[in-house]
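Take a look at the structure below.
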Amino acid sequence: MTTISIERSTNTKKKPPQDQLGFGIHYTDHMFVMDYSTEKGWHEPRIIPYQPIVLDPAAKVFHYGQTIFEGLKAYKTADGRIQLFRPRDNFRRMNRSNDRMSVPEIDIDLAIDALEQLVAVDHDWIPDLEGTSLYIRPFVIATEPLLGVSPSEHYKFMIIMSPVGAYYPEGINPVKIHVESNYVRAVVGGVGEAKTAGNYAAALKSQQEAKEHGYTQVLWLDGKQHKYIEEVGSMNVFFKIGGTVYTPALNGSILAGITRNSVIQLLKHWGVPVEERVLSIDELYEAGRNGTLEEAFGTGTAAVISPIGEMNWNGEKLIIGEGKTGQLSKSVYDTLTGIQTGAVEDPFGWTQQVEVK
Ligand SMILES: *Cc1c(COP(=O)(O)O)cnc(C)c1O
């Protein structure tokens, strides 16, 4: 196995109070970096002190957006162990994103080794207050200084980590969602199923407009007909209708969330009927009107579960579950966060221990 060099930081930063962490504000003392060139392939994997990077202004990432990212978390259990949640799935998805964006594949075992060593080096940055975790951001950027539109011949793969606060410090609360009928996030054949920067920049304007009207998130419809439900913000979405849980089938423009997959597996394990299929906004509103729409929630690494209490589609409001968090949404949230933090047994083999030597 490739050796990862470690250069330890000599001036460690002061840690922020655990009840004031926020999201992605503070960074740990170290980072992982590895370089790529067409001659050498991926080389020089190293853990170094957290620091700025110097790039040529012509670096391709700035001009043509050849970049991808991942997001996962490390948790501290009540008895002090460290757990990662499904890291291999994140790196598999990273390589699918890489492939779509013409970025060279990264060895998954090396990436996991790097991540485990980085987490071990910065283990005292993992917060242990209820609801907190260490958010991990692996990413790749194209660094070749060349303005021709072609795949870069140089890249950097990095992992940075940020202690993050409880997503629901006052308890889990439903959000209001604006159903977007003008802008689209992604189209089939495009890059919607890759975790690549442009998808998020493209979503900001819609998000901003929704916020101005008092909505927390946007529900995205398909890019062609504005008819079929895709995702909510940067989360996958689930609806409980007449006892069955539905989520849009992965169609090429929807991001294949690992939380989404975990929720599907968990519901099946519980014997709750769950279906991945095409779901139109008309059908959803019809279920809302006839009283069969029971619960709705988004899923993603950051919030895990985000219940939806109200939707607005072209001015027509839909209140879901009296605007309260549904029972199933709450059970899924409690069980998933329980497995992640080691409070609930993990029958799925999702958690992976990190040893600090
Ligand atoms: C990351 C992401 C998700 C959620 O994926 P998880 O693996 O569950 O965190 C869903 N939709 C989009 C667009 C995303 O970027």
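Heavy atoms only: backbone and side chains are in, while hydrogens, waters and symmetry mates are out.
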Do you know which two heavy atoms are closest between A197 and T67, and how far apart they sit?
-> CB-CG2, 3.6 Å
Mind checking whether N251 and V188 have side chains closer than 4.5 Å, heavy atoms only?
-> yes
Kindly state whether the ring of Y135 and the ring of F23 have centres lying under 6.0 angstrom apart.
-> yes
Answer yes when R88 and D109 have at least one side-chain N-carboxylate O distance shorter than 4.0 Å, and no when they do not.
-> yes
What's the spacing between N90 CG and N95 CG if we round to 0.5 Å?
-> 11.5 Å
Worked verdict on Y50 versus I160 for side-chain contact (heavy atoms from CB on, under 4.5 Å) = CA-CA 8 Å; Y50 190 94; I160 55 174; 3.5 Å; yes
Spell out, as yes or no, whether a donor-acceptor pair under 3.5 Å connects the side chain of H63 to the backbone of P57.
-> yes
Per the salt bridge (Lys or Arg N to Asp or Glu O under 4.0 Å) rule, which among E231, E193, E180 passes with R185?
-> E231
Locate the shortest heavy-atom distance separating A114 from I159; write the atom from each residue and the value.
-> CB-CD1, 4.5 Å
Could you tell me whether the side chain of P138 reaches within less than 4.5 Å of the side chain of F157, counting heavy atoms only?
-> yes
So, do E310 and I320 sit near enough that their side-chain heavy atoms are less than 4.5 Å apart?
-> no
Is it true that a side-chain atom of E294 and a backbone atom of G326 form a donor plus acceptor pair closer than 3.5 Å?
-> no
Backbone of Q340 reached by a side-chain donor or acceptor of Q83 within 3.5 Å | yes
Transitive ILVMFWY side-chain link W125 to M31, under 4.5 Å | no
Does one hydrophobic cluster hold both L84 and F69, with members joined at side-chain heavy-atom distances below 4.5 Å?
-> no
Shared hydrophobic cluster, I126 / W350 (ILVMFWY, side-chain heavy atoms < 4.5 Å) = no
Do K195's NZ or CZ and the ring of Y200 fall within the cation-pi criteria of under 6.0 Å and 45°?
-> no
Pair D35, H43: side-chain N/O donor-acceptor within cut-off below 3.5 Å = no
Verify, without hydrogens or angle tests, whether Y285 (side chain) and E316 (backbone) share a donor-acceptor contact under 3.5 angstrom.
-> yes
Side-chain donor-acceptor contact under 3.5 Å, Y215 with N312 = yes
Could you grab the distance from atom CD1 of I47 to atom OG of S5, nearest 0.5 Å is fine?
-> 8.0 Å
Indicate whether the side chain of Y155 and that of Q66 have a donor and an acceptor atom separated by less than 3.5 Å.
-> yes
side-chain contact (heavy atoms from CB on, under 4.5 Å) between I82 and V356, worked out = CA-CA 9 Å; I82 299 165; V356 179; 3.6 Å; yes
Does a side chain donor of either T351 or D346 reach within less than 3.5 Å of an acceptor in the other side chain?
-> yes
CG on L146 to OG on S152, rounded to 0.5 Å = 8.0 Å
Using a 4.5 Å cut-off on heavy atoms from C-beta on, say whether the side chain of L118 contacts that of H30.
-> yes
CD (Q51) with more than 12 external heavy atoms under 6.0 Å | yes
F139 side chain reached by M94 side chain, heavy atoms, under 4.5 Å = no
Do you see a donor-acceptor pair shorter than 3.5 Å between the side chains of D29 and S9?
-> no
Determine, for E295 against K324, whether the closest basic-nitrogen to carboxylate-oxygen distance falls under 4.0 angstrom.
-> no
Group every Ile, Leu, Val, Met, Phe, Trp and Tyr by side-chain heavy-atom contacts under 4.5 Å, then state whether M161 and L110 land in the same group.
-> yes
Just by distance, do the side chain of K60 and the backbone of L147 share a donor-acceptor pair under 3.5 Å?
-> no
Going through the checks in order, is the salt bridge (charged side-chain N to carboxylate O under 4.0 Å, His left out) test met by R92 and D89?
-> CA-CA 5 Å; R92 282 197 190 115; D89 294 289; 3.4 Å; yes
Going by distance alone, is a donor N or O of one side chain under 3.5 Å from an acceptor N or O of the other, for T341 and K76?
-> no
Is K330 paired with D334 through a side-chain N to carboxylate O contact shorter than 4.0 Å?
-> yes
For side-chain contact (heavy atoms from CB on, under 4.5 Å), just list the numbers for F239 and L284, CA-CA rounded to whole Å, side-chain angles, deciding distance to a tenth of an Å, and then say yes or no.
-> CA-CA 8 Å; F239 302 95; L284 185 74; 3.4 Å; yes
Is the number of heavy atoms from other residues, nucleotides or ligands under 6.0 Å of E130 CD greater than 12?
-> no
Could you check if a side-chain atom of T28 sits within less than 4.5 angstrom of a side-chain atom of L134, using non-hydrogen atoms only?
-> yes
Quick one: do Y246 and E276 satisfy side-chain hydrogen bond (donor to acceptor under 3.5 Å, both in side chains)? Show the steps, please.
-> CA-CA 6 Å; Y246 298 93; E276 300 174 62; over 6 Å; no
Please confirm whether the backbone N or O of Y27 pairs with a side-chain atom of K13, one donor and one acceptor, at under 3.5 Å?
-> yes
Looking at CG of L328 and CG of L266, how far apart are the two atoms once the value is rounded to the nearest 0.5 Å?
-> 8.5 Å
If you take all heavy atoms of G298 and V232, which pair is closest and at what distance?
-> CA-CG1, 3.9 Å
Would a 4.5 Å heavy-atom cut-off, applied to side chains only, mark V187 and S253 as touching?
-> no
Hey, is the main chain of L129 close enough, under 3.5 Å, to the side chain of T132 for a donor-acceptor pair?
-> yes
In plain terms, say whether K224 and D222 are close enough for a salt bridge, that is, a side-chain N and a carboxylate O under 4.0 Å apart.
-> no
Are F238 and F297 close enough that their ring centers fall under 6.0 Å?
-> yes
Taking all heavy atoms of G342 and all of T77, pick out the closest pair and write down the distance.
-> CA-CG2, 4.1 Å
Does the side chain of E230 pick up a donor-acceptor pair with the side chain of N236 at under 3.5 Å?
-> no
Locate the shortest heavy-atom distance separating I264 from V274; write the atom from each residue and the value.
-> O-CG1, 4.1 Å
Is the number of heavy atoms from other residues, nucleotides or ligands within 6.0 Å of CD (Q265) greater than 12?
-> yes
Are L55 and I48 connected, step by step, through hydrophobic side chains (Ile, Leu, Val, Met, Phe, Trp, Tyr) whose heavy atoms are closer than 4.5 Å?
-> yes
Taking atom types as modelled and ignoring hydrogens, do the side chains of Q352 and E116 form a donor-acceptor contact shorter than 3.5 angstrom?
-> yes
Distance, nearest 0.5 Å, that separates CZ of F85 from CD1 of I339 = 6.5 Å
If you round to the nearest 0.5 Å, how far is NE2 of H154 from CD of E144?
-> 6.0 Å
When you check the side-chain N and O atoms of R86 and S262, is any donor under 3.5 Å from an acceptor?
-> yes
So, the side chain of R100 versus the backbone of G190: is there a donor-acceptor pair under 3.5 Å, distance only?
-> yes
Would S280 and D282 count as having a side-chain donor-acceptor pair, cut-off 3.5 Å?
-> no
Look only at the side chain of R93 and the backbone of A256, and say whether a donor-acceptor pair between them is shorter than 3.5 Å.
-> yes
Does the salt bridge (charged side-chain N to carboxylate O under 4.0 Å, His left out) test come out yes or no for E283 and R277, once each step is laid out?
-> CA-CA 12 Å; E283 180 185 356; R277 69 158 167 86; 2.7 Å; yes
